[in-house]
Peer 1: 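Take this structure, written in structure tokens, and hold onto it; I'll ask about it next.
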Amino acid sequence: MKYIKISFISIFICFITAFFFMTVNNESDISYLEKRELQTFPEFTAEKLGDEEFYTQLTTAFSDQLEYRDLLVKGYYLFQFQRYNGDVVIGKNDELYSAYQRVDEETYLADLENAAGYVNSVSAEINDAGAEFIFLSIPRKDAVETENLPDSYISSQNLYVKSIEVLRSSLADNVKLIDAYRVFAEDKDTRYYYTTDHHITPRAAFKLYHEILGYTEVADYEVEKYYDIEKTIVKGSFNDQIGQSVKSKPEELSMKPHERTEHVRYEDGKESSLKVFRSSNTYEDCYMEGDHAYTVIDTGRRELPNIMYVGSSFTNILEAVSVRDFNIMASIDYRDNDTGTSIAEYVRQHDIDYVIYIPSQSNDALGYWKMLEHLGL
């Protein structure tokens, strides 16, 4: 019996040791299963022994670089009885969601408070350049459209609510905060996200646009009356990740303005023929023809104010709607804009009156690094 115990312990130690060395030797940058970037092991130096961030990165790296991680992730979701496909979870009534948000809440909120400091700094620069700074926060779909969540799914709703509390207590008075979660909660009968996609619908965009107008000199009005909304079967981004295997019903997607606003469009400083509105079956094609690094739309109406959006694809539908009401509509996406030009510099260049900052992503509404990236830092 003694030899059996020794043999078992020896095999176990060998197994753990081998597993450890296989893990620390991994250097994967991307998980194709989870469709996200992975934390690699940080370089060790003696100076980092007292750096809390070093240990946070090290802990995350052990999790992200774990040998056989993909198999373990698949096994976990099978155990939870969720239908998991990469970064997509199939809920009730074939509703698609991003995989639930796995973060250390205390660290996440501390990072958010830190990010708020950067927001305050950039906002002060923008104010000095002559523009108002409006922070529009849009939650993940699973925080709002909760009715069809899988039974064992952990919604990001509680984390998002706590995050907004952190922002309210950390942002400077000159930062105007619009919380889309609060706006959406006022009317729970409206559909705010697509069944197979993470973007907001036209009805959601109208509600948020009313909020934006409330901070501008443009008088609020019944925006919805100036557009026809067409229904189609949406070719959603979540559905793309699983080979369009979910068959959804027609939903409101593309918008057709009753009157065309004359304008000249520029992409990266060059005149462009890309359209503002189109009829299509994807959000990307319907609004601004997708994401662009640096867009300027000039309507030549100098008596009207100028507006600029900073963020990723969540800004597109709001950009399109804004063309009707503003002289210049500009947008910056720092994921692709590598000019080194700051938001404040763009504000001065185009005499911008209002900057709308939307850092939201499909898998994280208020992620630290994306917040900084979309601040141009």
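The residues of the chain are indexed from 1 along the displayed sequence. Everything quoted here is computed from the prediction, not taken from an experiment.
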Peer 1: Quick check: does any side chain N or O of H263 sit under 3.5 Å from a backbone N or O of R260, one acting as donor and the other as acceptor?
Peer 2: no
Peer 1: Please report the interatomic distance CG(N93) to CD(E147), rounded to the nearest 0.5 Å.
Peer 2: 7.5 Å
Peer 1: Do the charged groups of E373 and K370 touch, with an N to O distance under 4.0 Å?
Peer 2: yes
Peer 1: Check whether D220 reaches the backbone of L213 with its side chain - one donor and one acceptor, N or O, closer than 3.5 Å.
Peer 2: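 No, because the side chain of D220 does not come within donor-acceptor range (under 3.5 Å) of the backbone of L213.
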Peer 1: Looking at E259 and P257, would you say the former's side chain and the latter's main chain have a donor-acceptor pair under 3.5 Å?
Peer 2: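 Here the side-chain-to-backbone pair does not exist.
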Peer 1: Carefully, step by step, assess Y226 and D325 under the rule side-chain hydrogen bond (donor to acceptor under 3.5 Å, both in side chains).
Peer 2: CA-CA 12 Å; Y226 291 86; D325 300 312; over 6 Å; no
Peer 1: Just by modelled atom types, is the Y192 backbone N or O under 3.5 Å from a matching donor or acceptor in the R203 side chain?
Peer 2: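 No, the answer is negative, given that no donor and acceptor are paired below the 3.5 Å cut-off.
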Peer 1: Check whether any side-chain N or O of S170 sits under 3.5 Å from a backbone N or O of V166 as a donor-acceptor pair, and report yes or no.
Peer 2: yes
Peer 1: Using side-chain hydrogen bond (donor to acceptor under 3.5 Å, both in side chains), reason through S156 and D142 one step at a time and then give a plain yes or no.
Peer 2: CA-CA 6 Å; S156 64; D142 60 273; 2.8 Å; yes
Peer 1: Rounded to the nearest 0.5 Å, what separates atom CD1 in I233 from atom OG1 in T195?
Peer 2: 11.0 Å
Peer 1: How many angstroms lie between CG in L318 and CD1 in I212, if you round to the nearest 0.5 Å?
Peer 2: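 Interatomic distance, L318 CG to I212 CD1, rounded to 0.5 Å: 5.0 Å.
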Peer 1: Under 6.0 Å from the ring centre and within 45 degrees of the ring axis: does the NZ or CZ of K141 meet both conditions for the six-membered ring of Y97?
Peer 2: yes
Peer 1: Salt-bridged, K249 to E251, with N to O below 4.0 Å?
Peer 2: no
Peer 1: Can you tell me if Y160 and S137 form a side-chain donor-acceptor pair at under 3.5 Å?
Peer 2: yes
Peer 1: Should we say atom CD of E211 is surrounded by more than 12 heavy atoms from elsewhere, each under 6.0 Å from it?
Peer 2: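 Yes, because the 6.0 Å sphere around CD of E211 holds more than 12 heavy atoms from other groups.
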Peer 1: Over 60° means perpendicular and under 30° means parallel, so tell me whether Y100 and Y153 are parallel, tilted or perpendicular.
Peer 2: perpendicular
Peer 1: Is the NZ atom of K92 crowded by more than 12 outside heavy atoms at less than 6.0 Å?
Peer 2: yes
Peer 1: So with a 6.0 Å cut-off around CG of D228, is the heavy-atom count from everything else above 12?
Peer 2: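 Enclosed.
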Peer 1: Side chain of D179, backbone of Y181: donor and acceptor closer than 3.5 Å?
Peer 2: yes
Peer 1: Measure the acute angle between the ring planes of F277 and Y287, then classify it against the limits of 30° and 60° as parallel, tilted or perpendicular.
Peer 2: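 Answer is perpendicular, since the angle exceeds 60°.
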Peer 1: Can you name the closest pair of heavy atoms from M329 and S322 and give their distance?
Peer 2: CG-CB, 4.0 Å
Peer 1: Treating Q244 as the side-chain partner and G236 as the backbone partner, does any N or O pair qualify as donor plus acceptor under 3.5 Å?
Peer 2: yes
Peer 1: Which atoms form the tightest heavy-atom contact between P305 and V218, and what is the distance?
Peer 2: CG-CG2, 3.8 Å
Peer 1: Judged by atom type as modelled, is there a donor-acceptor pair below 3.5 Å linking the side chain of T315 to the main-chain atoms of S312?
Peer 2: yes
Peer 1: Answer yes if the side chains of E319 and T295 hold a donor-acceptor pair under 3.5 Å, and no otherwise.
Peer 2: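 There is no such pair between these side chains.
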Peer 1: Examine distances only and state if a side-chain atom of R324 and a backbone atom of T261 form a donor-acceptor pair shorter than 3.5 Å.
Peer 2: no
Peer 1: Are F314 and H199 an aromatic pair, judged by ring center distance below 6.0 Å?
Peer 2: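 Yes, they do, as the ring centres are separated by less than 6.0 Å.
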Peer 1: Do you know the tightest heavy-atom contact between A131 and I352?
Peer 2: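 In terms of heavy atoms, the two residues are closest at CB-O, 3.3 Å.
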Peer 1: Set out, in order, the CA-CA distance, both residues' side-chain angles and the distance that settles side-chain hydrogen bond (donor to acceptor under 3.5 Å, both in side chains) for N114 and Y368, then state yes or no.
Peer 2: CA-CA 8 Å; N114 187 25; Y368 176 82; 3.2 Å; yes
Peer 1: Any Lys/Arg nitrogen of E95 or R191 sitting under 4.0 Å from an Asp/Glu carboxylate oxygen of the other?
Peer 2: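 Salt bridge flag = yes for R191 with E95.
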Peer 1: For the salt bridge (charged side-chain N to carboxylate O under 4.0 Å, His left out) test, which of D197, D285, D240 pairs with K235?
Peer 2: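 It is D240; the other options fail the test.
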Peer 1: Quick check: F133 with Y357 (ring centres under 6.0 Å apart)?
Peer 2: yes
Peer 1: Can you check side-chain hydrogen bond (donor to acceptor under 3.5 Å, both in side chains) on T201 and E252, steps first, answer last?
Peer 2: CA-CA 7 Å; T201 65; E252 292 183 336; over 6 Å; no
Peer 1: Look at the side chain of S169 and the backbone N and O of E165, then say whether any donor-acceptor pair between them is shorter than 3.5 Å.
Peer 2: yes
Peer 1: Near Y118 OH, under 6.0 Å, is it more than 12 heavy atoms from other residues, nucleotides or ligands?
Peer 2: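 Counting other residues, nucleotides and ligands, OH of Y118 stays at 12 neighbours or fewer.
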Peer 1: Work out which heavy atom in R278 is nearest to a heavy atom in S254; give both atom names and the distance.
Peer 2: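 Heavy atoms of R278 and S254 come nearest at O-CB, 3.5 Å.
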